[in-house]
2 protein chains.
Amino acid sequence: MQQLDIFTYLGKLQDYYVREKIIPSTTQLSALWNVKARSWTHQIVQRLKEEGFLENAPGGRLRPTLRFFERTVGHRVWAGLPQQAFDVQPELLRIDDYLIEKPSQTILFPVKGDSMIDLGILEGDMVIIERGNTASIGQVVLAIVDNEFTLKVLARDQEGYYLEARNEKRGRDYPPIRPEQKLEIYGFYVGLIRKAHVAPHRPHARPGSSL
Amino acid sequence: MQQLDIFTYLGKLQDYYVREKIIPSTTQLSALWNVKARSWTHQIVQRLKEEGFLENAPGGRLRPTLRFFERTVGHRVWAGLPQQAFDVQPELLRIDDYLIEKPSQTILFPVKGDSMIDLGILEGDMVIIERGNTASIGQVVLAIVDNEFTLKVLARDQEGYYLEARNEKRGRDYPPIRPEQKLEIYGFYVGLIRKAHVAPHRPHARPGSSL
DNA sequence: CATTATAGAGAACAAACGTTCTTGATTCAA
DNA sequence: TTGAATCAAGAACGTTTGTTCTCTATAATG
């Protein structure tokens, strides 16, 4: 704690950036960090630049680098403090880049119902759909049936193409969908994001200690 | 073309923002827009604020609004489609913002095994973990057992706290984990991202037409 | 003990900043 | 042809900015 811990400052700044979507000026940074002297704030900023979290945009203002957004991915227990995650060369990952390859052809679609539960696609999840009207058998596709979107597996038999659910338990609730005329495919499933509905944080349990 | 076309200015600014990831100052905007008077630049900015493309961040600096990013996936694509699509405003949702509230306390962790499959957490998924050593019974937690991370449900009985898997089918493969001394909780599950392993794109099927 | 980093504050400054007010063209409808 | 908008530039303002330089405490080291 004696040592100037840049990551404490970085953390506050990252949280601020998420809130405000801007890197503030030295003066405002001083307030954010509870530093009384703008000169000292400047010093800390300099350190963050050396570490590669910030850089100067044309005009001298600060802007976040790619590294600023990167998030640690843990594989095994890091010896000691969690902050060391940065030192230990962990895998770094940016969610948007990881999930979306073609931003202009990608949309998010909210999942309703549990017809795809066997593939781990739950109600309330957001599926990531890449546009394209061609798909392979067995692929999960977002199709348009009766003027409504539906997420199903593309299948085919003697009678032609149809859509299958993936819910073993309640299979009879989701019979195959056979298009009356044509099957309109909007895009195909390339990923998923889920926000867990965390119960309002009542810290019931505090088993053992911590780190 | 006679009329002051804000969108010409907006376009240039959008391109600049993609390049530099920052909204420049009035002076630099003047250069970008080939406007000689900073006052006039200020006027245009005012117009863009009224239209909802820009706003003032705390401190007076400019920042882009959500509408600023609107253009990427043309909304015209949606015209004529089922109404569900409009609920989400796909291109306006930024994944990072949606999933992560406290970036500095959040990590991603790759899921191994199928012990949590009943909660739709599959092998290869990345769970989003928010740090904190307190948790409620029934919450999904990332705990440290035998110097390895494990993702399980926190439970409790007469004997004390323990960890449960969630895999009905192969329940006997995942017996409850009871800590020898103390149960160390690293953080709790707040979300998930998944990248579907799309088979190399062989466009087997082209059922019906498209849009 | 003396010394040397480290953590922090204060003052000071030129440049850049956001803003306002004034003035001059050009366009276009009454 | 008068008069109001619109488009544009200039000058001027007080404030904030990034930066530098100097000066202290405190802690660690030898």
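Residue numbers start from 1 in every chain, and the chains themselves are labelled A, B, ... in the order their sequence lines are given, proteins ahead of strands.
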Is there a side-chain contact between A/L122 and A/R194, using heavy atoms and a 4.5 Å cut-off?
-> yes
Polar pair under 3.5 Å, donor/acceptor by atom type, side chain A/S39, base C/dG8 | no
Pairing of A/K49 and A/E55 as salt bridge, 4.0 angstrom limit | no
Presence of salt bridge, A/K112 and A/D125, under 4.0 angstrom = no
Short side-chain donor-acceptor distance under 3.5 Å, B/Y161 and B/R156 | yes
A/Y9 vs C/dG8: side-chain N/O to OP1/OP2 distance below 4.0 Å | yes
Name the pairs: protein N/O against N/O of nucleotides 15-18 of chain C, kept only if under 3.5 Å.
unit_1 : atom_1 : unit_2 : atom_2 : d
C/dC17 : OP1    : B/S25  : OG     : 2.6
C/dC17 : OP2    : B/T27  : OG1    : 2.5
C/dC17 : O3'    : A/R61  : NH2    : 3.4
C/dG18 : OP1    : A/R61  : NH2    : 3.3
C/dG18 : OP2    : B/T26  : N      : 2.7
C/dG18 : OP2    : B/T26  : OG1    : 2.0
C/dG18 : O5'    : B/T26  : OG1    : 3.4
C/dG18 : N7     : B/R38  : NH2    : 2.9
C/dG18 : O6     : B/R38  : NH2    : 2.7

Exceeds 12 heavy-atom contacts within 6.0 angstrom, atom NZ of B/K36 = no
Sugar-phosphate, base or nothing in reach of A/V35, heavy atoms under 4.0 Å = sugar-phosphate
Interatomic distance where [atom1] belongs to [X] and [atom2] belongs to [N] [whole Å]:
X	N	atom1	atom2	result
B/Q43	D/dA8	CD	C1'	10 Å
B/L29	C/dT19	CG	P	12 Å
A/I6	C/dG8	CD1	C1'	16 Å
B/W40	D/dT6	CH2	C1'	7 Å

Looking at the side chain of A/K36, which of C/dA9, D/dC7, D/dT19 is the nearest nucleotide?
-> C/dA9
Atom OG in A/S115, atom CD1 in A/I177: separation rounded to 0.5 Å?
-> 8.0 Å
